[in-house]
Amino acid sequence: MKRRIAAVVLCAIALVGVAKAQDLASFEKRTTVKVLPNGLTLIVCERPEAPVFSFYTLVDAGSADDPQGASGIAHMFEHMAFKGSTEIGTTNYPAEKIALAKVEVAYAAYDAEYRKRVGQDPAKLAELLKVFQQAQAEAQKFVIPNQFSAIAEENGAVGINASTAEDSTQYFWSMPSNRLELWAYLESQRIGHPVEREFYKERNVVQEERRMRVDSAPIGRMVEQFLATAYVSHPYRRPGVGWESEISQVSATEATDFHAKYYVPSNIVIAVVGDVKAVDAMPVLERYFAPIPAGPKPEPMTTVEPQQVAEKFVTIREATQPFYIEGYHRPDYRDPDDSVYDAITDIFSNGRTARLYRSLVRDQSIAAEAQGFSGFPGDKFPGLFAVYAVPLPGHTPDEMRQSIHKELDRLKNQDITDEELARFKTRARADLLRGLGNNEGLARQLAEYQTRFGDWRQLFRQLEKIDAVNKYDVRRVANKIFTDNNRTSARIEFVAPRREAPGAAMQTEPAAPTEQSAGGAK
């Protein structure tokens with residue numbers, strides 16, 4: 001007991017020390033925000049500990065914003081982000097522009113014939129494909145492969161990457177601080193002057209990515225069906241990587257239209273953190289980012305997921321690892337109870353003291369892993385609180401379901417302990433402060449909070465929301481969302497391989513069609 005008390009005291013002392021260096025007043029002195037006339041928001045946070053800086057560009061558009069019939073197009077920009085611009089990645093852009101226009105004309109002709117459901121001419125289709133491929137080959141002659149990334153890396157950039165989520169798309173890396181102007185040039189180029197070069201080549205890469213992550217992955221297929229069942233109208237029902245039939249037909253012209261709508265300055269926040277002085281950096285950033293043409297901020301999404309009124313199920317039967325997951329609809333990140341969902345996540349899943357680990361993994365020894373998490377697949381719009389478990393050999397998804405429900409019922413019917421609540425608040429505060437400890441993490445959080453709340457200071461006010469959570473809140477929220485009618489579950493059930501006649505090769509039975517149903521508890 002004395003050791004545990006000492007550990008808590010030491011942790012508290014450490015947090016106080018970190019907090020003093022990471023408090024709101026300190027950051028306000030070092031952080032400058034400027035909205036350019038074109039609408040783009042710049043944040044500069046001075047942190048001169050080392051001669052480097054990190055940036056985080058957040059575009060407030062993700063896969064949930066994919067146009068109908070063109071799922072996966074937001075994700076395409078993660079791949080296209082490093083293809084260069086009108087000045088980078090080309091030997092002769094005026095000539096390349098003409099060649100790329102011919103590619104689009106050729107593809108439109110091919111696509112029109114391909115989409116014919118009646119009267120498609122195979123010979124004509126083959127000829128149109130040949131013309132399209134020839135046009136691509138001509139455009140390829142002007143490409144300098146990977147020049148954008150090469151320039152950055154040659155000047156000390158590390159961690160060059162991009163990612164696409166349901167709610168946003170982000171670009172980031174770190175670089176020596178004496179290369180700030182070069183970075184500003186590169187980033188403003190890909191935002192303001194992108195070129196959809198090698199688009200169809202990259203589209204093939206995305207298709208292969210889908211095959212690896214979804215089509216060839218049982219859990220990937222299950223999660224895809226899980227979300228498609230949990231949602232009936234909201235775009236969260238679509239896979240971020242896109243449906244195969246739509247990825248295979250999306251065009252560079254559609255990508256250009258998407259960029260023109262969503263990659264407008266008023267929809268972008270860029271945070272720069274590191275050894276930079278705002279008084280020197282802001283004029284440089286303005287010089288490069290201010291000339292990007294303004295555009296109207298995209299209209300808010302109007303689709304609202306209707307209330308779920310019956311439990312829904314997905315079952316996949318294959319000769320593979322069993323799995324169980326269930327999800328409950330919850331409000332978006334603006335909900336006053338958002339921190340309560342964080343508390344439930346922590347109590348269920350944070351470490352070996354978490355309830356799911358202790359019950360399913362340690363005490364019952366029926367699961368290899370069990371966790372709960374909130375805001376899936378996103379939290380900009382109402383998402384899911386999900387719970388999953390991976391059965392150990394000899395155990396079933398039904399056992400996972402029953403044990404998970406016992407823990408949910410316990411949460412609904414009994415107050416959490418004072419120790420559990422205290423652990424959540426300590427860990428949440430520690431996690432938040434640790435996230436401010438490096439340039440990359442701070443740039444990300446500044447950009448995200450500025451985008452979501454219109455004020456990066458909400459990052460620090462989050463601590464007040466965490467401190468306000470009480471035991472009653474946890475029971476109240478648990479009873480509100482963890483109901484049968486609000487539940488969608490998905491499982492993989494193991495089906496043994498079937499043996500053929502002696503001497504024949506072993507085969508696996510085809511997977512049964514995915515079941516999707518609504519009704520009473522199974």
Side-chain angles (χ1 to χ4, degrees), residues 214 217-231 308 310-330 341 343-377 383-414 416 420 474 477-479 481-496 511-522:
V214 181
I219 292 177
R221 295 198 301 275
M222 183 203 65
V223 170
E224 183 174 87
Q225 292 298 317
F226 170 64
L227 290 173
T229 304
Y231 287 93
Q308 185 171 323
E311 184 171 3
K312 295 186 281 189
F313 308 89
V314 172
T315 302
I316 294 177
R317 298 184 177 90
E318 291 190 23
T320 189
Q321 168 67 51
F323 196 95
Y324 180 80
I325 186 171
E326 63 183 36
Y328 300 82
H329 292 278
R330 56 146 293 181
Y341 292 103
I344 296 173
T345 299
D346 184 89
I347 291 162
F348 263 15
S349 306
N350 200 334
R352 292 177 176 267
T353 60
R355 290 188 174 189
L356 290 177
Y357 179 88
R358 284 188 299 175
S359 175
L360 280 73
V361 179
R362 188 192 69 183
D363 296 344
Q364 298 184 70
S365 299
I366 61 174
E369 185 178 356
Q371 293 212 12
F373 53 99
S374 190
F376 178 66
L384 300 175
F385 187 100
V387 188
Y388 76 90
V390 182
L392 285 172
H395 297 280
T396 67
D398 269 335
E399 291 178 84
M400 306 301 104
R401 176 185 173 93
Q402 292 165 11
S403 294
I404 286 171
H405 288 182
K406 285 180 181 178
E407 290 303 321
L408 291 174
D409 288 342
R410 182 180 163 206
L411 202 65
K412 291 159 69 174
N413 298 320
Q414 301 173 21
I416 61 173
E420 285 177 317
V474 173
V477 169
N479 278 280
I481 74 157
F482 296 134
T483 64
D484 293 351
N485 288 350
N486 193 35
R487 179 167 57 230
T488 299
S489 65
R491 66 179 66 198
I492 298 175
E493 293 183 351
F494 179 80
V495 177
T514 299
E515 297 176 0
Q516 299 181 25
S517 59
K522 240 182 184 180

With a 4.5 Å cut-off on side-chain heavy atoms, are [Y] and [X] touching?
{"X": "Phe385", "Y": "Val477", "result": "no"}
{"X": "His405", "Y": "Arg401", "result": "yes"}
{"X": "Arg491", "Y": "Asp398", "result": "yes"}

Which residues pass the side-chain hydrogen bond (donor to acceptor under 3.5 Å, both in side chains) test with [X], sequence neighbours left out?
{"X": "Ser374", "answer": "Arg330"}
{"X": "Arg362", "answer": "none"}
{"X": "Thr320", "answer": "none"}
{"X": "Gln308", "answer": "His329, Thr488"}

From [X] [atom1] over to [Y] [atom2], what is the distance, rounded to the nearest 0.5 angstrom?
{"X": "Thr229", "Y": "Phe226", "atom1": "OG1", "atom2": "CZ", "value": "8.5 Å"}
{"X": "Glu318", "Y": "Ile219", "atom1": "CD", "atom2": "CD1", "value": "10.5 Å"}
{"X": "Ile366", "Y": "Thr396", "atom1": "CD1", "atom2": "OG1", "value": "8.0 Å"}

task = Would you sort out whether Ile404 and Leu360 count as a side-chain contact (heavy atoms from CB on, under 4.5 Å), showing the intermediate values?
result = CA-CA 8 Å; Ile404 286 171; Leu360 280 73; 4.3 Å; yes

message = Check Arg410 with Glu407, please: is the shortest side-chain N to carboxylate O separation under 4.0 Å?
response = yes

message = If the threshold is 4.0 Å, N to carboxylate O, is there a salt bridge linking Lys406 and Asp409?
response = no

request  = Please name all residues satisfying ring pair (Phe, Tyr, Trp, His ring centres under 6.0 Å) with Phe323, sequence neighbours left out, ordered by chain then number.
outcome  = Tyr388

inquiry  = I'd like to check the ring pair (Phe, Tyr, Trp, His ring centres under 6.0 Å) partners of Tyr324; sequence neighbours left out, ordered by chain and number.
reply    = none

Which residues share a salt bridge (Lys or Arg N to Asp or Glu O under 4.0 Å) with [X], sequence neighbours left out:
{"X": "Glu369", "answer": "none"}
{"X": "Glu399", "answer": "none"}
{"X": "Glu326", "answer": "none"}

Excluding sequence neighbours, so at least two apart, what forms side-chain contact (heavy atoms from CB on, under 4.5 Å) with [X]?
{"X": "Ala354", "result": "none"}
{"X": "Thr353", "result": "Arg423, Arg427"}
{"X": "Ile347", "result": "Arg355, Ile416, Glu420"}

task = Step by step, work out the side-chain contact (heavy atoms from CB on, under 4.5 Å) result for Ile492 and Gln321.
result = CA-CA 7 Å; Ile492 298 175; Gln321 168 67 51; over 6 Å; no

For [X] versus [Y], what's the shortest heavy-atom pair and its separation?
{"X": "His395", "Y": "Ser365", "value": "NE2-O, 3.7 Å"}
{"X": "Ala367", "Y": "Leu392", "value": "C-CG, 3.6 Å"}
{"X": "Asn479", "Y": "Thr483", "value": "O-CG2, 3.7 Å"}
{"X": "Val390", "Y": "Pro322", "value": "CG1-O, 4.1 Å"}
{"X": "Glu311", "Y": "Ser489", "value": "OE2-OG, 4.3 Å"}

request  = Show the numbers, then the answer: is there a side-chain contact (heavy atoms from CB on, under 4.5 Å) between Phe348 and Leu408?
outcome  = CA-CA 9 Å; Phe348 263 15; Leu408 291 174; 3.4 Å; yes

inquiry  = Could you check whether Tyr328 and Phe482 have their ring centres less than 6.0 Å apart?
reply    = yes

message = For a side-chain contact (heavy atoms from CB on, under 4.5 Å) check, start with the C-alpha distance between Leu384 and Leu227, then their side-chain angles and the critical distance, and finish with the verdict.
response = CA-CA 9 Å; Leu384 300 175; Leu227 290 173; 4.0 Å; yes

